[in-house]
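We're numbering straight along the sequence, starting at 1.
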Amino acid sequence: MSSVAVQDLYRKKRTSSWFYFLLPSIAIMLVFFIYPILLTFYYSFTNLALTGEAAKELKFTGFDNYVRMFQDPTVRISIWNTLVFLIGSAVIGQQVLGFLIALLMKHKNKHFRRVIGTIVLAGWVTPEIVCALCLYSFFGDEGTLNAILAFFGIPVVTWLYTVPMITIILANIWHGTAFSMLVFQAALDDVPAEIEEAAVVDGASRWQILTRIILPLIKGTLTTNMMLVTLQTLGVFGLIYAMTGGGPGTSTTTLPIFMYNQAFVNYQLGYGTAISLLLLLLGIILSLFYIRAMKE
């Protein structure tokens with residue numbers, strides 16, 4: 001047997017062995033990811049329900065759930081609220097604030113970084129429901145914020161009723177900023193100090209160093225972090241549900257909240273799964289946008 005044939009045989013055996021090692025991961029993906037998506041897709045075309053006549057017999061209803069969904073004004077309100085919550089807490093809030101904190105901690109001594117990092121990480125490691133209860137107590141009618149305002153003679157504000165969207169945005173920013181801070185801190189530490197020193201010698205200002213050196217060097221990290229934070233924010237449920245329950249009215253009803261209400265409060269599981277696929281589609285569209293941006 002020639003040496004070329006031996007090499008080809010060895011290459012094929014090595015490739016097949018890697019496939020066997022991947023089988024457990026593929027099986028887990030099929031069982032816990034692909035199968036639930038396919039099952040959800042099927043149920044979205046049925047009248048699946050937990051009560052009433054529909055609970056007695058499962059029927060294929062075609063696109064009835066989707067027609068109902070796009071005719072429902074609450075769906076449009078939920079999409080709008082989801083985008084506002086996403087842009088406010090993820091795109092503007094966590095991304096910008098996390099980068100600013102990481103930038104301020106750059107080149108600081110380890111004791112300063114340790115103290116600030118611990119304070120910021122406290123919100124991230126706190127369970128979502130605990131975070132919601134803390135922020136509910138802070139923004140409540142007799143909460144900490146109104147107590148501070150009353151101390152300075154400022155009229156009390158019913159934050160959770162007058163500006164509920166702002167309260168849940170601030171709560172999610174406080175809860176999730178630490179992740180962006182850690183990602184950007186690692187990226188900023190990898191920026192060569194020699195480049196910044198050379199720019200300072202050439203007379204570049206801090207703003208020029210930031211916009212023309214640092215940001216271009218970490219733009220891949222910026223896009224990746226944005227995608228991760230976006231997908232995480234799209235699925236936020238417990239924080240909003242515990243603080244406002246989607247109210248007052250539908251002012252903070254995002255797609256996850258509306259999906260839960262339809263599926264587990266109104267017991268219309270078929271309609272709820274159709275809404276969940278809309279949320280999945282929104283996540284796919286945003287992910288493809290970020291992937292395209294990373295390639296460019």
Answer yes or no: does atom [atom1] of [X] have more than 12 heavy-atom neighbours from other residues, nucleotides or ligands under 6.0 Å?
{"X": "Tyr267", "atom1": "OH", "answer": "no"}
{"X": "Lys59", "atom1": "NZ", "answer": "no"}
{"X": "Arg76", "atom1": "CZ", "answer": "yes"}
{"X": "Ile166", "atom1": "CD1", "answer": "no"}
{"X": "Tyr136", "atom1": "OH", "answer": "no"}

Any chance you could measure [X], atom [atom1], to [Y], atom [atom2], to the nearest 0.5 Å?
{"X": "Asn81", "Y": "Leu86", "atom1": "CG", "atom2": "CG", "answer": "12.0 Å"}
{"X": "Gln185", "Y": "Leu104", "atom1": "CD", "atom2": "CG", "answer": "11.5 Å"}
{"X": "Leu135", "Y": "Leu133", "atom1": "CG", "atom2": "CG", "answer": "9.5 Å"}
{"X": "Leu228", "Y": "Gln94", "atom1": "CG", "atom2": "CD", "answer": "11.5 Å"}
{"X": "Met181", "Y": "Leu97", "atom1": "CE", "atom2": "CG", "answer": "10.0 Å"}
{"X": "Gln95", "Y": "Asn225", "atom1": "CD", "atom2": "CG", "answer": "4.5 Å"}

What closest approach, in Å, do [X] and [Y] show between heavy atoms, and which atom pair accounts for it?
{"X": "Leu231", "Y": "Ser287", "result": "CD2-OG, 3.4 Å"}
{"X": "Gln208", "Y": "Ala204", "result": "OE1-CA, 3.3 Å"}
{"X": "Trp124", "Y": "Gly176", "result": "CD1-CA, 4.5 Å"}

Apply the hydrophobic cluster definition, ILVMFWY joined by side-chain contacts under 4.5 Å directly or through others, and give me every member besides [X].
{"X": "Val156", "value": "none"}
{"X": "Ile28", "value": "Val31, Phe32"}
{"X": "Leu210", "value": "Phe99, Leu103, Phe184, Leu188, Val191, Ile195, Val200, Trp207, Ile209, Ile213, Ile214, Leu215, Leu217, Ile218, Leu222"}

### Message
Check whether Ser276 reaches the backbone of Thr273 with its side chain - one donor and one acceptor, N or O, closer than 3.5 Å.
### Response
yes
### Audit row: Val183, Phe179, side chain to side chain contact (heavy atoms under 4.5 Å, CB included) steps and yes/no
CA-CA 6 Å; Val183 172; Phe179 177 79; 4.0 Å; yes
Indicate if [X] and [Y] have the same hydrophobic cluster label, given that clusters are the connected sets of ILVMFWY residues with side-chain heavy-atom separations under 4.5 angstrom.
{"X": "Leu286", "Y": "Leu281", "answer": "no"}
{"X": "Leu280", "Y": "Leu30", "answer": "yes"}
{"X": "Ile284", "Y": "Ile291", "answer": "yes"}
{"X": "Phe41", "Y": "Leu255", "answer": "yes"}
{"X": "Ile77", "Y": "Leu279", "answer": "no"}

### Query
Can you pull the side chain to side chain donor-acceptor pair (under 3.5 Å) pairs that have at least one residue in residues 159-177, sequence neighbours excluded?
Ser89-Asn172, Asn146-Trp159
### Message
Which residues pass the salt bridge (Lys or Arg N to Asp or Glu O under 4.0 Å) test with Asp189, not counting sequence neighbours?
### Response
Arg113
### Query
With a 4.5 Å heavy-atom cut-off, do Lys106 and Glu196 have their side chains touching?
yes
### Query
So do Phe85 and Thr233 actually touch side chain to side chain, heavy atoms under 4.5 Å?
yes
### Query
Do the side-chain N and O atoms of Tyr271 and Asp72 include a donor-acceptor pair separated by under 3.5 angstrom?
yes
### Asn65 and Ser44 side chains, donor-acceptor separation under 3.5 Å
no
Please tabulate, for the side chains in residues 236-251, all donor-acceptor contacts under 3.5 angstrom to protein atoms that are two or more places apart in sequence or on a different chain.
unit_1 : atom_1 : unit_2 : atom_2 : d
Thr244 : OG1    : Ile240 : O      : 3.2
Thr244 : OG1    : Gly246 : N      : 3.3
Thr244 : OG1    : Thr252 : OG1    : 2.8
Ser251 : OG     : Gly247 : O      : 3.3
Ser251 : OG     : Pro248 : O      : 2.8

### Task
Kindly indicate, with the supporting measurements, whether the criterion side chain to side chain contact (heavy atoms under 4.5 Å, CB included) is fulfilled by Met227 and Thr223.
CA-CA 6 Å; Met227 181 174 65; Thr223 308; 5.9 Å; no
### Task
Might you work through the side chain to side chain contact (heavy atoms under 4.5 Å, CB included) test for Leu269 and Phe264, ending with a clear yes or no?
CA-CA 7 Å; Leu269 293 180; Phe264 301 107; 4.1 Å; yes
### Task
Go through Tyr43 and Leu39 one step at a time and tell me if the side chain to side chain contact (heavy atoms under 4.5 Å, CB included) criterion holds.
CA-CA 6 Å; Tyr43 283 150; Leu39 195 62; 3.5 Å; yes
